[in-house]
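Report on the following structure.
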Amino acid sequence: METVMFYILGAITVASAFCVVLIRRPIHNVLFMILTMIGLAGLFILLHAEFVAMVQLIVYAGAVMVLFLFVIMLLNLDELRLAGDPGGGRWWLGVLIMQIVLAMLIPVLAYFGTSAPADAAKITTPSNTTVVARELFTTYLLPFEIASVLLLAAMIGAVILVRKND
Amino acid sequence: MVTLQHYLLLSAILFVLGVTGVMVRRNLVIVLMSLELMLNAVNLTFIAFSRYLDSVEGQVFVLFVMVVAAAEVAVGLAIAVSIYRQTGSINVNDINVMKW
Amino acid sequence: MIDLVWLIPLFPLIGFLINGTMGKEFPEKLIGWIGAVCVGASFVVACLILLELIAMEPGSRSVQVTVYTWMLSGDLQVPIAFLIDPLSMVMLLVVTGVGCLIHVYSIGYMHGEIGFRRFFCYLNLFVVSMLLLVSANNFLLLFVGWEGVGLCSYLLIGYYYEKKSASDAGKKAFVVNRIGDFGFLIGIFLIFTHFGTLNFTEVFAKATDVFAYGGVVVTLTTLCLFVGATGKSAQIPLYTWLPDAMEGPTPVSALIHAATMVTAGVYMVARCSVLFALAPSSMTVVAVIGGATAFYAATIGITQYDIKRVLAYSTVSQLGYMFLACGVGAFGSGIFHLMTHAFFKALLFLAAGSVMHAMAGELDMRLMGSLKKKLPYTHGTYLVGTLAITGIPFLAGFFSKDEILYYSFEKHIGFWLLGAVAALMTSFYMFRSLYMTFYGKSRVPAHIHVHESPALMTIPLIVLAVGSALAGFLNIPVFHGLNNFAQFLDPVFAPAKEIIEHGHAHGHNVTLEVGLACVSVLIAVVGLLLARYMYIVDPSAPGRVIEHHPNIHETVYNKYWIDEIYDTVFVNSIVRASRWLWRFVDEKIVDGIVNGVASVAILFGSGLRRLQTGLVKDYALSILIGVVAVIGYLVLR
Amino acid sequence: MTLPDINLGGILPALVLCITGVVLMIVGLFLTWQRLAISMAISLAGILVAFAANAPLRLLHESAFSGMVALDPYSWFLNWMILLAAALTVLMSVKYFSDEGLDLYEYFVLLLFASAGMMFMVSGTHLLVIFVGLETLSISIYVLAGCLPANVKSKESALKYLILGGFSSAIFLYGAALLYGTAGSLALADLAKFFHSGTIAPTAKVGMGLLLIGFAFKAAAVPFHMWTPDVYEGAPTPLTGFMAVGVKAAAFAAFVRVFFGALPELQASWSQILWLVAVLTMILGNFAALVQENIKRMLAYSSIAHAGYILVGMVGGGDAGASGVLYYLLAYTFTNLGAFAVVALVGRKGEANNMLDDYRGLARTHPALAVAMSVFIFSLAGIPPTAGFMGKFSIFYAAVKAGHVWLVVIGVLTSAASVFYYFRVLMKMYMEAPEREPAPLQFGAGTVIALVVALVGVLYIGIFPKTYLDLALMSVQPLF
Amino acid sequence: MECNFPLLTFITFVPLVGAALVLFLNRKSQELLRWVAIIFMVIDLIGCLAVYSLFDPTSAAVQLAEKQVWVKSWGISYFLGVDGISLWLVMLTGLFGPICILASWKDITVRVKEFLICMLVMQTGMVGVFLALDLFLFYVFWELMLIPMYLLIGMWGNPARRLYAAIKFVLYTVVGSLLMLVAILVLYYMAGHASGTYTFDLMKLYEFPVPLSAQMLMFLAFFLAFAIKVPMFPFHTWLPDAHTEAPTVGSVILAAVLLKMGTYGFVRFAIPLFPNAALDAAWWIGILALIGIVYGAWVAMVQVDVKRLVAFSSVSHLGFVMLGMFAFTVQGLQGSILQMINHGLSTGALFLIVGMIYERRHTRLIAEFGGISKVMPLYAVFFMIFTLSSIGLPGLNGFVGEFLILLGTFKVAPWYAVIGASGVIFAAVYMLWMFQRVMFGEVTNPKNLPLKDLSVREACVLAPIVVFCVWIGVYPSTFLKPMEPSVKALLSQVEKKKAVVLELDKLGKNQKLSDLSPAISVSGRNLRAEADLTE
């Protein structure tokens, strides 16, 4: 059962990621991106990370991608078709290199072996959300606070970057 | 049955796809998306590890990655918009006033 | 008194300083007399010292006076110190005496010259260095004087510095001397490295222990020293500077290039008689070079028309005689001839100067003739000089020259032959000059009105004439007891003689000597008659001879083109090589490499800069390259 | 449920900066008059308070927030260095922005946030904190780089920085993930413990390598340097200075803390990589700088080269290397900020005069400024008795000590080449005449103060380096 | 000689104080600036004389030493001291300080303030280089010197190629000195590692026998730095450019003092620190020196520019210095040290001479001149004297040095000496030829007719140099005596240390200072005596 789900979701994710990279029409890119997100969220659930999966859906598929959508609409890039996109430059070289990297990574990753999943006791009892929340607000309190600063900075930044020069 | 390697491989593929996106796409917005893709791939790795190590640290880390990603997207898009306003182009390859 | 020997060089030095520093405002006469008096003073001192020296035991006639330590470094210890022995005594007297006379003469001769003061400064400075040279007690101090006189001759030859030929001649003299000095310096090094001292007495005392008879080192050393001597005393192959040196004022030619400086080489060889004695092969070299020079220079002398050049070549050849003497081991005779030569050659030059003075600077004998009446004193003195040099009996040259010929005969008949032939030519060209100048019909250009020189010039002439007439009697060879001069010098050369004769001294062959004397007198007379025939009886004779063998005459007249050969072979080639070194090696190669490196760096830089395409993707690409490199390194290694 | 050991005192300096930032943001809204001056005053006040708050760290040797941050001399040293950089930047920025005619108080806010981010980054003992700090810093810098409206260069630099920054942080994260997967934790202490006992997995190595790339990117080391020249050229000059010293300092500090503190067992691997990177960096930086005409770009390449020298120190390793790095960073802070202050001044409105030729005859028109610039140049070129020389000296010594003599030889040869382009500036200032008389400069008080401070700093720690060398040595002890 | 007043520090930093003062004076009042500068230079000179008066000529020890800890953790100390080797170089520097200011009085008229500051700072640097006995301190001074010279050439040089010459000078020097820095670091580490105490104190480093394997490379690093500065044959090309383009005073300082820093460096650092390498290298260094002598002379002979000619003559002269130094005999070494002084005096003076004519005619081409001695008799006298002293005429300074050098060389390597001696001939050729072309003959060029003879100021500039030329020539003991003990000590130290190193090398054990200190401390101790006192 789990295996089946994994392959289905994995297929969806990879396929839509492919589309994100290759399809020319921005709107479709966004939609496929959202699809990738959803796929990932599914995989997260398979991995007993329900909370993260939810956040994934809400923050990513919800907020972030909508932001993209806004921008595309705002600048109505949808009609815009850039010549020779995808492609151009020395892209093939990059891709080639990434293939090499991947080829080298696979044996490395193989190091982790085909270990059977441990029983996810720690991360699910009493419930994943509880565990995450507890960790987040005890051990990781400081980063959490710093993150707020980060977001604030990003906010101000976004404001002054797009502010019209008056 | 699904092992850790499956997930790692999947994420690696996603990561590579993200990089490919950055390398091949000219549309700035989509380049940003590809960056997101890379980050997501990393997220998957983290989650997989956290599952197989049975430690929640990875999941927490992912949350932070998401925060950062969101922030980067916000700023990135802002820059994209202002550049588009000034140059009327969203093509990454046009952005090369400064070189050498 | 002897302890005050340092006064001798001091006086002229004072003269030099007075004239040099504050002489600007002095009148000519004052300057001149200051110079002359200073030298005279040292002459007086020298005489006093002579008396004191004579009063001593013959064996102990060698005194050293140290003034202060000059150089002191490790085992090298060189004092400023004087050595008074018969040899240096003779030299001191000659230098101061003749020098004094020439100073007086110059007052008259240089009258009205612009650089009058400069001239006397140089002259005094010269005397100082010459005195240092002859009275030094170690090689290095001798070398100091040696270079000093070189400098002064450079300055005085180039006295008329606005004349290119003059300054050229000066430079040539200095450089050629430097070549000689180079050899001398090496000789000094060799001596120091073997003896650990440069003091004459110590060196000569140890010589026999340190050097094996005829050993390589001693031969090398002596040859090096002799190179120095050839430079200073204008011997083959370094003689070329002396004839050119006649560019200087005549008193200079008389003092420096006839009487004193050029004889320094002879003095030095005589001084090192012990060392030379130890190296028979070097002795031979010295003798051969000397004889050859005597002969060779004489041949050139025959053809010259410039009266001073004739005298110059005769000087060269006479110096050759002196070296011949030293070479055959008759150092005493060499020095004796040195002294007599100092008298009559100085006399001749001064007389020639007086002629020049009378002829308004004209030197070409073809434009003279029958000056006898107009210049009685000059003629008389010149005549004495000529007779003396040609070895007419009972004048100075007769004794000294015959002694030399005798000893060379004893050594090897070839040497005697060289000498004899040279003597023949000497008497020929000397009488030639005499006749061309003072006898025959006048060829003097109209615009020149000849007049006798002032007393200031004639008096020294007369004094010198007397000297050259009588100097010979100091040393009448044949009769023992009358050769005081030889006896006087004997202690100096005794050790050398001992070495040469290996103890068993063979006696003086009187009959032989007398016979040879007669022969040489005959030679002199033959020369006289020949000259008389060619220049009085039948003046067209020379012309015929020249027509008969034009190219021989050409060659000889142009001094066998030696100067030209030197120029092309050494001077020009070196200059060309230097140009090449500068333009090509230095600028193209050495500096080229330096600048090349710089420009390569710049090129490299602009190459690297091209990597910065300005495209984000390329930047990302370079990051990826980094990634693959790092991971590759970590995984594959 | 137990709360972590919350020790606000420990993170007070950063905290103060954040608070100041927020306050300034609010105040700024209501300011109508002298916005820049007042915001400068406020930020300076905040920085000074932070200085004070930082002092106690020197004596502490503990960690807070359940091992998230270390409160130790190391953090102390870097904190005050960062504060110094921030202060100088703030001082010289006012003049710049008033010239540009924009009163961007947010600029100061973000500067403060960036500094806070750096502080967290350098004091973080958990990759998560380091990462978040890094990103706080980066995001603020992206924005600041692009904060000049209607200036394409500025926007372009921001964009390039952002894209490549995101790219590299993704790589960084992947490395972190691999480490996490191998060691089961991202706390530096745990990592150290894990690698200390047991074998080094290839995944660990790769993770380390990717981490290294992430840091090398921020430190502008070849071949991860490409963003540097463009971003430096496009960003507002004072900020360029801040990037060159602050960001570099933070990056290297974290770099050192992670690699010396957590991954010493892998040194065999990473020091060799760094060796090569250092060589490439020194060569490329110096030689590419030879041919630059724009001084900001030239200084950008020179800062790449300096990254190379600092890497030499890291290769050297040991406390000598680490302390050398710290001292070098300090020296570099003074020197480079000073240089950029001059550049900002000479650049005038709209950075119209950033070409080397614009420095012609500066010695005639503004002798004092020229002298100051020369001192900074000498320090950059490493000529005694300036701070730069002592920095190079300590760095090279560390390498020699570790037996990397040839690395040092390459270092000195490249720095000999660097003399050429550094002295070109000198040449322009002193030995050439301007073709047209430029308008005389007017100095802002802030800039002058910044210049004087930098100048004094360069000379003082150059001539009397003792104290600072000892402090640096003392600060790095916690790492070992 | 216990003197509480830090005399050496005084003479080192007085000029710097002067510079500071000048810095705060108004650039308009040039005369005032010049007076201030010259006064400080004179004070400095007086200080140097005081040093001489306090100097004990019989001791080889480092005297008047001053030692303050500078950077304790690194064993860097502020350590000044003077011994027989450095004494005269310091005096030379002190002498040329005021002379240069005086010489530049009319010459430099633009940006006088900067000029004077450069001169004063440079003075400090030069004195410091000769006095520093701490490797680090030495390096600092060594580099410090670079900048003022660079500015001097670049700012007041003649417009044509001054920038090229200036940067060439700097790059050349920097390459060398940076490699030396590496060697210094290695030495510092090795010695520290072996002895346990890390220090840059030269006296302590002297005692450390550098292992044979490492010596040659380190020696080469030092060699490069110094050989470039000297400059020796293949590294000499910066010199003619620098000399020709620099202003008069620049060339003077360069010739008189800066070049000596290279040769001094050999004596003070390269040789005693790495004796074995130095001895092994002696043969080829000697050859380079000979090439320098002959090559320099020949190239000088055909120069058309007086300054270039003198520059190449420097190459030749410094060839002598190197030759004598690497003969490792008392005479050779003393000669070469004395020759440093001689070259400083005569060549410096020649550059002044050339500068004076350049001031009047604004050309240095030999062809432009001729018959000058007719219009400028006094000038001619000075020119002649310096020419003669530079061609090594007995009775003047040049001869003493050259003779000692050649003698010292002859003892160990006759052929080197023979070839070297040939340089004496060529020296006569090129100098006299130049002199003849410039000074003798008719005044062919009308521009030369109105030339004025030397002014009083110019005569005052040259007179003291003449005095010293004659003094050294006539009574060199004044100068030879004080340096003899140090020179002997140096040579014996070299010998001993060489032996120790070979010994250790044979044993093949890595050296501990403990077991070899008895071996060298003999030489070390007398050198260290003074230093220990002040520690």
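Quick caveat: nothing in here was measured; it's all calculated off a predicted structure. Quick note on labels: first sequence line is chain A, next is B, and so on, each numbered from 1.
Heavy atoms of D/Lys205 lying under 4.5 Å from chain A are absent altogether. Proximity to chain A is limited to the side chain of D/Leu104, based on heavy atoms less than 4.5 angstrom apart. In this structure, the portion of D/Val206 lying under 4.5 Å from any heavy atom of chain A is its side chain and not its backbone. Of the atoms belonging to A/Ile146, heavy atoms from both backbone and side chain fall under 4.5 Å from chain D. With a 4.5 Å cut-off on non-hydrogen atoms, D/Phe120 touches chain A through its side chain but not through its backbone. Interface residue A/Leu105: only side-chain heavy atoms are found under 4.5 Å from chain D. No part of D/Ser138 comes within reach of chain A, as not one of its non-hydrogen atoms sits under 4.5 angstrom from that chain. Neither the backbone nor the side chain of D/Leu137 has a heavy atom closer than 4.5 Å to any heavy atom of chain A.
The CD atom of D/Glu106 lies 11.5 Å from the CE atom of A/Met155; values are rounded to the nearest 0.5 Å. Remark: D/Phe113 CZ to A/Leu152 CG distance equals 4.0 Å, nearest 0.5 Å. Rounding to the nearest 0.5 angstrom, the gap separating the CD1 atom in D/Ile139 from the CG atom in A/Leu151 is 8.5 Å.
When all heavy atoms of A/Leu142 and D/Met68 are compared, the pair lying nearest together is CD2-CB, 4.1 Å. The minimum heavy-atom distance linking D/Val109 with A/Ile156 is given by the pair CG1-CD1, 3.8 Å. Summarising the geometry of A/Pro143 relative to D/Val129, their closest heavy-atom pair is CG-CG2, 4.0 Å, with the distance given to 0.1 Å. Annotation for D/Val132 and A/Leu150: closest pair O-CD1, 3.9 Å, computed over non-hydrogen atoms. Taking each heavy atom of D/Ser66 and A/Thr138 in turn, the nearest pair found is OG-O, 4.4 Å. D/Leu178 approaches A/Phe112 most closely through the heavy-atom pair O-CZ, 4.3 Å.
Residue D/Lys349 qualifies as enclosed at atom NZ: its count of foreign heavy atoms under 6.0 Å is above 12.
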